[in-house]
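Reading through the structure tokens given below for one structure.
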Amino acid sequence: MRKKAYLTLAGGQVFPGWGEVSQLAAGEVVFNTGMTGYVESLTDPSYAGQILVFTYPLIGNYGVQLEASESKKIQVSGAVVSESAPHFSHSRAELSLADWLASQNVPLLSGVDTRALTKYLRTRGTTPGAITSQPMTDVPGFSLQLFSANPPKVYNRQHSKKVILVDCGAKANILRSLLTLPVQVKLVPYDYDYTTEPYDAVLISNGPGDPVDYKKTIAVTAKALKRGKPVFGICLGNQIMALAAEAKTYKLLFGHRGHNQPCQETASGKCFITSQNHGYAITEKSLPADWQITFRNLNDGSVEGIAHKTKPFFSVQFHPEACPGPTDTAWLFKKFYQLI
């Protein structure tokens, strides 16, 4: 027998649905426009502590392939869908979406008018919310923690060129993409000072939360920029590079989350379809004179990429390692290696 459950927003709006809710799940309510990739999205550390609304109606239809995970566990605090597919059909699927979420005690709220919910979030912006088994009038407060990274680990020791991968909540496919290059990769926590050791280049990953909270990461990145060796930032790494260069960031109304975001390269005018997951962006007017904008979002005109005019530093707001999603910008990893 299905059980009633509810998503309550901070403004008092209640969206009823169905689901097993053993305990209250609170977090920022955000939406994703991707038509595929629910496994990758739910395990993306950039979604840590958030309640994720899927706008696409066919969620769960191909089951769960654990090998597609972007981290070791489900990162969201809850998931909201219009309809959870009762059956899945894929030869490599290991279990259903509902069973997978239940195994990690993450509530799945289905039967929700996700169109109305998304329209509300587009108008009012990202807002706190909670999934409960009973209606409620007040949403409890919550704090978004920085991603808890693992101890340093080295990959591809046989190669002489050494890349530092700063793990602010790195998607697994960033590491996979780096390991296709002939480089040694040292994965380090976001608060690790790697500038005291030898390296050839740095890649700063994606991650959850407000970039200004990564004070240690910003300070170490500023030291790395002074050393002059190649630095590449992805998603949160893009914002951290900007802050290290003494620019500023701001919170977007509802963020960019999906596999279908058009971005234009300013130099060539070429448009790329990109995969994105972020709630903050770089304040364009704050960018120092020796930095330039390299990509721009064609939906809202926001900054999607920056680069230093003379030094080997560049970053992008989107995900060139997109999995799933478009591979239009995978060439950026080759560009990074060429700088090395």
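Since we're looking at a predicted model, the values are computed, not measured.
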Has [X] got a side-chain atom pairing as donor or acceptor with [Y]'s backbone, closer than 3.5 angstrom?
| X | Y | answer |
| --- | --- | --- |
| Thr126 | Val30 | no |
| Asp200 | Lys162 | yes |
| Gln276 | His256 | no |

Which residue pairs satisfy the salt bridge (Lys or Arg N to Asp or Glu O under 4.0 Å) criterion with at least one member in [range], sequence neighbours excluded?
| range | result |
| --- | --- |
| residues 266-279 | none |
| residues 241-265 | Glu28-Lys251 |
| residues 175-186 | Lys186-Glu197 |
| residues 93-108 | none |

Problem set entry | Pairing residues for Phe254 by the ring pair (Phe, Tyr, Trp, His ring centres under 6.0 Å) criterion, not counting sequence neighbours | Phe31
For this session: Under the ring pair (Phe, Tyr, Trp, His ring centres under 6.0 Å) rule, collect the residues that match up with Tyr62, sequence neighbours excluded.
Result: Tyr38
Exercise. Can you name the residues that form a salt bridge (Lys or Arg N to Asp or Glu O under 4.0 Å) with Asp193, not counting sequence neighbours?
Worked result: Lys223
For this session: Taking salt bridge (Lys or Arg N to Asp or Glu O under 4.0 Å) as the test, write out the residues that go with Glu321, two or more places apart.
Result: Lys171
Show every donor-acceptor pair shorter than 3.5 Å between a side-chain atom in residues 229-242 and any protein atom, with sequence neighbours excluded, or say none if there are none.
residue	atom	partner	partner atom	Å
Lys229	NZ	Tyr199	O	2.7
Asn238	OD1	Ser315	OG	2.5
Asn238	ND2	Gln317	OE1	2.9
Gln239	NE2	Tyr280	O	3.0
Gln239	NE2	Gln317	OE1	3.3

Problem set entry | Distance-only polar pair, side chains of Asn277 and Ser41, donor-acceptor under 3.5 Å | no
For this session: Go through the structure and list residues passing side-chain contact (heavy atoms from CB on, under 4.5 Å) with Tyr6, not counting sequence neighbours.
Result: Lys4, Val14, Pro16, Thr132, Pro135
In residues 327-340, what donor-acceptor pairs under 3.5 Å come from side-chain atoms, sequence neighbours left out?
residue	atom	partner	partner atom	Å
Asp328	OD2	Ile273	N	3.1
Trp331	NE1	Asp328	O	3.1

Seminar exercise, completed: Here the side chain to side chain donor-acceptor pair (under 3.5 Å) pairs for residues 283-292, sequence neighbours left out, are Glu284-Arg296, Asp290-His308
For this session: Step through it carefully: locate the ring centre of Phe272, locate the ring centre of Phe318, and say whether they are under 6.0 Å apart.
Result: no
